2 protein chains.
Amino acid sequence: MTTAENQNWRSIRDELNRRIAKRIWLPGELIPGEVELAEEFGCARATVNRALRELASTGLLDRRRRAGTRVARHPVRKATFSIPITRIEVEDRGAAWSHRVLSNDRLPAPAQVAERLGIKPGQDLLHQTSVHFADREPFVLEDRWISIDTVPGILDVDFSHISANEWLVQNVAFTRGDFVLCAANASRTEADILDTKPGAALFIVERTTWNLDMPITSVRLAYAPGYQVRMEI
Amino acid sequence: MTTAENQNWRSIRDELNRRIAKRIWLPGELIPGEVELAEEFGCARATVNRALRELASTGLLDRRRRAGTRVARHPVRKATFSIPITRIEVEDRGAAWSHRVLSNDRLPAPAQVAERLGIKPGQDLLHQTSVHFADREPFVLEDRWISIDTVPGILDVDFSHISANEWLVQNVAFTRGDFVLCAANASRTEADILDTKPGAALFIVERTTWNLDMPITSVRLAYAPGYQVRMEI
DNA sequence: AAGTGGTCTAGACCACACC
DNA sequence: GTGTGGTCTAGACCACTTC
């Protein structure tokens, strides 16, 4: 019965994955329990558990106490989407990064921004707009609101060499973030800044982050045409 | 030293997360080893290991043998991006789903499609274009190439009630996928189909999937204006 | 060489969900 | 009640990396 000893959890995961891929186990089907699989693979139950947990975390299996483990009927697979520092994102593309601050003002929070951050409208925030460049070509336009309450140090930062993005990432940890991805036509102003035509399709990322329920920043990133996000599963 | 017994790995994870968020441990700093943390929390090393592994998997910690565990300097955090069945995506928005097949032809693979799928140009594929509707409003335009070799059954499917998307998800497991997200201006044809104006900014998803190195399908999804992808960390 | 994380074991008890 | 997964333990050996 034991066909292979010295299995590690990865090889067990791969074998179970194969059985799902090859439809040896059909969607919705109950698969053997941890104890039975441990016997089959000649390993401890904890090792099988590790493999099953990984597959469940990618959406391939549904696990419930008492009910057992089933192959997911609607395999809503999950891909990871990473949030890099813009400077590093540019440099990873083999380009030289630079940036320019367009505006930097203390302003009361507009209603929409206050709602996103979960604060009272009118609270003092730092509003900054800036452009990041890749080899002198506009790369992304950043429109950012920062909570002065949470991040008082932001008022003393010299933004000539470090962007608000990178300063925040390095100086303020965040525990929670909301993200919205969408597409939008460039306004005249955006087109001018990004060196494109009004109406050009821009990839937009809106990101709001908190640190333990303290709002940090809400930012809208408008990427120059041609920008792509790549992911793998 | 032991401040709390009966800790589970989640509470240990949360406590370590708090120390990172509060900058008790600074970015780049070496944190105590597993043995030491296990003593502090009064639990087994494996329990601490579980908590540390979770934090490392979200990008908050960098772990290396011999070198120890450090707080990530550039916390490239990861969000999960799920790949739903379009029908379910529409219904989750409280709308009624329907779809219409615009074309369905056996064609030799164009070079670009062949390259994406990793097959020889000219190989026979099924090319299908279709529109999904949400409450009779165009939702997404789908341009799909399917490998007949890998999925011969696709030729016998009645697409009047099930979309290729859903049929494939339910009938062909996939083990690997590439995704590209970007924005594009609607062509005249796309605008007509999606009931918008030429030039409108469309959110584009290009997705290619394989099952154990057998190519399944490559699809380009052009979402009607207003579409957003939401994620949380 | 030595210290760190990576993994595995054998066993145990618990929580939950279905009976 | 009862069976399943969820978690924990105490110990062990291994793999990798830095010294």
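Chain A is the first sequence line, chain B the second, and so forth, proteins listed ahead of strands; every chain is numbered from 1. Everything numeric here is computed off the predicted structure, so don't read it as measured data.
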For this session: Let me know the distance between CZ of A/Arg53 and P of D/dC8, rounded to the nearest Å.
Result: 10 Å
Problem set entry | Any pair counted as salt bridge (charged side-chain N to carboxylate O under 4.0 Å, His left out), so long as it reaches residues 163-172 of chain B, sequence neighbours left out | B/Arg87-B/Glu166
Seminar exercise, completed: Across all chains, not counting sequence neighbours, the salt bridge (charged side-chain N to carboxylate O under 4.0 Å, His left out) partners of B/Glu137 are none
For this session: Check salt bridge (charged side-chain N to carboxylate O under 4.0 Å, His left out) between B/Arg116 and all other residues, then give those that pass, not counting sequence neighbours.
Result: none
Problem set entry | Nearest-Å distance for atom pair CG/P, residues B/Asp62 and D/dT17 | 14 Å
Problem set entry | Separation of atom CD in A/Glu36 from atom P in D/dG3, rounded to whole Å | 15 Å
Problem set entry | Whole-Å distance separating the CH2 atom of A/Trp9 from the P atom of C/dG6 | 11 Å
For this session: Quick one: label B/Arg70 by what it contacts on the DNA or RNA (base, sugar-phosphate, nothing), any heavy atom closer than 4.0 Å.
Result: nothing
For this session: Indicate for each nucleotide in nucleotides 10-19 of chain C, in 5' to 3' sequence, whether protein heavy atoms under 4.0 Å reach the base (B), only the sugar-phosphate (S), or nothing (-).
Result: --B--BSBB-
Exercise. With respect to the phosphate group of C/dG6, does any side-chain polar atom (N or O) of B/Arg63 fall under 4.0 Å of OP1 or OP2?
Worked result: yes
For this session: Measure from the side-chain heavy atoms of B/Asn8 and tell me the nearest of C/dC8, D/dT7, D/dT9.
Result: D/dT7
For this session: Classify the side-chain pair A/Asp158/A/Ser160 by whether it contains a donor and acceptor separated by less than 3.5 Å.
Result: yes
For this session: Under 4.0 Å from any atom of DNA chain D, heavy atoms only: list the residues of residues 24-32 of chain A that qualify, in numerical order.
Result: none
For this session: Only counting residues at least two apart or in another chain, list the ones meeting side-chain contact (heavy atoms from CB on, under 4.5 Å) with A/Ala44.
Result: A/Thr47
Exercise. Out of B/Tyr227, B/Phe133, B/Phe203, which residue meets the ring-ring contact (aromatic ring centres under 6.0 Å, His included) rule with B/Phe139?
Worked result: B/Tyr227
Problem set entry | Phosphate OP1/OP2 of D/dT7: any B/Thr47 side-chain N/O under 4.0 Å | no
Sequence neighbours excluded and cut-off under 3.5 Å, please list the side-chain donor-acceptor pairs for residues 209-216 of chain B, or say none.
| residue | atom | partner | partner atom | Å |
| --- | --- | --- | --- | --- |
| B/Trp210 | NE1 | B/Leu117 | O | 3.2 |
| B/Asn211 | ND2 | A/Ala21 | O | 3.3 |

Exercise. To the nearest angstrom, how far is A/Ile12 atom CD1 from C/dC8 atom C1'?
Worked result: 10 Å
For this session: Keeping to residues at least two apart or across chains, list the side-chain hydrogen bond (donor to acceptor under 3.5 Å, both in side chains) pairs with something in residues 92-101 of chain B.
Result: B/Trp97-B/His132
Exercise. So, is B/Thr69 close to the C/dT4 phosphate, meaning a side-chain N or O under 4.0 Å from OP1 or OP2?
Worked result: no
Exercise. From D/dG6, C/dT7, D/dC8, pick the nucleotide closest to the side chain of B/Asn49?
Worked result: C/dT7
For this session: Name all residues meeting the side-chain contact (heavy atoms from CB on, under 4.5 Å) criterion together with B/Ala56; count only those two or more places apart in sequence or in a different chain, and write none if there are none.
Result: B/Leu61, B/Arg63
